[in-house]
2 protein chains.
Amino acid sequence: MDLFYQTCREHGLKITPQREQIYKEICRSAKHPTADQVYRAVKRRISSITLDTVSRTLHLFVKAGLVISVESYGTARRYDPNVQPHHHLHCTECGGIMDFEYRPFDRITAPAQVAGDFEVSRTRVVVSGICANCKKKQKRKVR
Amino acid sequence: MDLFYQTCREHGLKITPQREQIYKEICRSAKHPTADQVYRAVKRRISSITLDTVSRTLHLFVKAGLVISVESYGTARRYDPNVQPHHHLHCTECGGIMDFEYRPFDRITAPAQVAGDFEVSRTRVVVSGICANCKKKQKRKVR
DNA sequence: TGACAATTCAGAGTAGGTCCTATTTACTGG
DNA sequence: CCAGTAAATAGGACCTACTCTGAATTGTCA
Ligand SMILES: [Mn+2]
Ligand SMILES: [Mn+2]
Ligand SMILES: [Zn+2]
Ligand SMILES: [Zn+2]
């Protein structure tokens with residue numbers, strides 16, 4: 001939470017109970033949640049909160065670099081409190097996105113002829129497939 | 001279009017004018033369009049078509065392996081007629097997704113300790129940043 | 001402790017779908 | 001080439017996840 005208070009101060013963002021809970025919630029969930037998922041969780045603590053507040057707050061957090069917006073597959077925008085370089089496993093069955101770290105991938109760089117005039121800010125490896133959980137379920141169905 | 005007719009036959013999908021136009025449109029657009037974008041384009045040729053038809057058709061195309069569903073950033077699901085290994089540039093300003101090919105990236109593989117029980121079907125490098133076009137616009141604003 | 005800009009809430013509006021049902025159409029095999 | 005049948009489509013209701021607007025509230029700093 002220190003990072004939260006510091007970043008807010010640096011970017012002139014007021015510290016409100018709503019914002020504290022939104023940041024806490026996104027850190028607690030390991031699931032790259034959508035605005036709506038964060039909204040439902042925070043609403044249990046602050047019952048008056050609206051989805052609008054959560055959405056706008058998450059946009060501000062992204063601008064401030066406190067969280068990032070990561071790739072999704074047909075679902076709403078998903079947020080990630082892990083702003084360090086890391087990579088993703090994406091399950092095409094359940095839609096889950098899981099982090100993985102593998103240092104050699106952090107050094108991957110697109111060559112100049114590809115990047116061209118593109119100003120690169122982040123490079124990520126995304127591995128799509130079927131997670132262990134969903135594979136188990138599929139097998140059960142087959143029997 | 002040969003691939004279209006062949007894949008439809010192989011998967012027992014009836015060949016309808018709607019499906020022909022949907023596939024043609026997604027091939028023509030280099031922009032990884034959403035169902036709604038395909039719908040608007042096809043509607044100019046088949047004015048009675050509904051978004052529902054386009055949505056369901058695209059799901060079927062994905063199941064048949066005729067197109068793939070690619071990562072998006074808070075927008076709706078996006079489709080790609082290029083099912084061969086390739087990689088993406090993602091502009092965080094305009095939301096555009098552009099293809100790039102770079103053979104060395106095609107060989108990237110997550111190590112066993114990462115993949116674990118995950119059944120990998122596809123590995124892609126996603127480079128996020130700002131495209132040449134958006135950079136130009138930003139500079140114009142600054143002046 | 002104010003003053004006041006920033007933030008929040010409530011509610012209406014919107015985008016991009018999904019679901020349901022009746023009608024139409026593409027394929028089959030006689 | 002035609003009829004029967006299963007698949008596909010159109011139209012419309014419904015839904016989810018935002019996004020916008022305007023008024024009320026609150027955090028910050030002098
Ligand atoms: Mn992550
Ligand atoms: Mn592509
Ligand atoms: Zn899964
Ligand atoms: Zn751009």
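All figures in this text were calculated on a predicted structure; none of them were measured in a lab.
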Undergrad: Rounded to whole Å, how long is the line connecting atom CZ of A:Arg78 with atom P of D:dA17?
TA: 12 Å
Undergrad: Closer to the 5' end of DNA chain C via nearest nucleotide, is it B:Ile15 or B:Thr34?
TA: B:Thr34
Undergrad: Can you tell which of C:dC27, D:dT28, D:dA10 lies closest to the side chain of A:Lys14?
TA: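 Among C:dC27, D:dT28, D:dA10, the one nearest the side chain of A:Lys14 is D:dT28.
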Undergrad: Between A:Ile108 and A:Phe100, is there shared hydrophobic-cluster membership here, with clusters defined by ILVMFWY side-chain heavy atoms closer than 4.5 Å?
TA: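 Per the 4.5 Å side-chain linkage, A:Ile108 and A:Phe100 are co-clustered.
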Undergrad: Mapping B:Leu60 and B:Gly74 onto DNA chain D by nearest heavy atom, which one lands closer to the 5' end?
TA: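 First, find each residue's nearest nucleotide; the 5'-ward one identifies B:Leu60.
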Undergrad: Do B:Tyr23 and B:Tyr39 belong together in a cluster built from hydrophobic side chains that touch within less than 4.5 Å?
TA: yes
Undergrad: At under 4.0 Å, does any side-chain N or O of A:Thr53 touch on OP1 or OP2 of C:dC9?
TA: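 Yes, such a contact exists.
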Undergrad: On DNA chain C, compare the nucleotides closest to B:Ser55 and B:Leu13; which residue's is nearer the 5' end?
TA: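 Result of the comparison: B:Ser55.
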Undergrad: Identify which nucleotide among C:dG17, C:dA10, D:dT19 has an atom closest to any side-chain atom of B:Ala35, counting heavy atoms from C-beta outward.
TA: C:dG17
Undergrad: Is any NZ, NE, NH1 or NH2 atom of the basic residue among B:Glu71 and B:Arg124 found under 4.0 Å from an Asp or Glu carboxylate oxygen of the other?
TA: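 Yes, B:Glu71 and B:Arg124 are salt-bridged.
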Undergrad: In whole Å, I'd like the distance from the CG atom of A:Leu51 to the P atom of C:dT14.
TA: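 Roughly 17 Å, once rounded to whole Å.
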Undergrad: Tell me the interatomic distance from A:Arg9, atom CZ, to C:dA6, atom P, rounded to whole angstroms.
TA: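 Value for this atom pair: 18 Å.
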Undergrad: Ring centroids only, cut at 6.0 angstrom: are A:Tyr73 and A:His90 within range, meaning strictly under it?
TA: yes
Undergrad: Starting at atom OH of B:Tyr39, determine the distance to atom C1' of D:dG11, rounded to an integer number of angstrom.
TA: 10 Å
Undergrad: Can a donor-acceptor pair be found between the side chains of B:Asp99 and B:His87 at a distance below 3.5 Å?
TA: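 No pair is found: no donor N or O on one side chain lies under 3.5 Å from an acceptor on the other.
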Undergrad: Whether the side chain of A:Asp52 and the base of D:dC18 hold a donor-acceptor pair under 3.5 Å is what I'd like checked.
TA: no
Undergrad: Do any side-chain nitrogens or oxygens of B:Gln37 fall under 4.0 Å of OP1 or OP2 in C:dG16?
TA: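 Checking C:dG16 against B:Gln37, no side-chain N or O comes under 4.0 Å of OP1 or OP2.
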Undergrad: With a cut-off of less than 4.0 Å, is there a side-chain N or O of B:Thr16 near OP1 or OP2 of C:dT25?
TA: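 So the side-chain polar atoms of B:Thr16 never come under 4.0 Å of the phosphate oxygens OP1 or OP2 of C:dT25.
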Undergrad: Say whether B:Glu10 and B:Gln6, considering side chains only, have a donor N or O and an acceptor N or O under 3.5 Å apart.
TA: yes
Undergrad: What class does the angle between the rings of B:His86 and B:His32 fall in, given that below 30° is parallel, 30 to 60° is tilted and above 60° is perpendicular?
TA: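 B:His86 and B:His32: parallel rings.
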Undergrad: In terms of side-chain heavy atoms of B:Ala76, which of C:dG17, D:dA10, C:dT8 is nearest?
TA: C:dG17
Undergrad: Please determine, by modelled atom types, if B:Glu20 and B:Tyr5 share a side-chain donor-acceptor pair under 3.5 angstrom.
TA: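 Yes, a side-chain donor-acceptor pair sits under 3.5 Å.
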Undergrad: Over how many whole Å does the gap from A:Lys43 atom NZ to C:dC9 atom P extend?
TA: 9 Å
Undergrad: Within this structure, what is the CD1-to-C1' distance between B:Ile49 and C:dT24, rounded to whole angstrom?
TA: 14 Å
Undergrad: Does the side chain of B:His59 get closer than 4.0 angstrom to OP1 or OP2 of C:dG17 through an N or O atom?
TA: no
Undergrad: Could you run down the sub-3.5 Å N/O contacts of the protein with nucleotides 28-30 of chain C?
TA:
none

Undergrad: Students often get this wrong, so: under 4.0 angstrom with heavy atoms, is B:Arg19 touching a base, only sugar-phosphate, or nothing?
TA: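 Counting heavy atoms under 4.0 Å across all strands, the contact made by B:Arg19 is with sugar-phosphate only.
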Undergrad: Taking only N and O in the side chain of B:Ser48, is any of them less than 4.0 Å away from OP1 or OP2 of D:dA10?
TA: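 So the side chain of B:Ser48 is within the cut-off, an N or O lying under 4.0 Å from OP1 or OP2 of D:dA10.
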Undergrad: Does a distance-only test, which skips hydrogens and angles, find a donor-acceptor pair under 3.5 Å between the side chain of A:Asp36 and the base of D:dC18?
TA: no
Undergrad: Calculate the interatomic distance between B:His11 atom NE2 and D:dA7 atom P; express it in whole Å.
TA: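 That distance rounds to 16 Å.
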Undergrad: Looking across every strand, which nucleic acid part, if any, lies under 4.0 Å from A:Arg40 by heavy atom: base, sugar-phosphate, or nothing?
TA: sugar-phosphate
Undergrad: Using a heavy-atom cut-off of under 4.0 Å over every strand shown, decide if B:Thr75 touches base, sugar-phosphate, or nothing.
TA: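 Since no nucleic acid heavy atom lies under 4.0 Å of B:Thr75, the category is nothing.
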Undergrad: B:Arg77 has an atom CZ; how far is it from atom C1' of C:dG17, in whole Å?
TA: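 It is 11 Å, rounded to the nearest whole Å.
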Undergrad: Identify the heavy atoms of A:Asp117 and B:Ala132 that sit nearest to each other, and give their distance.
TA: CB-CB, 3.4 Å
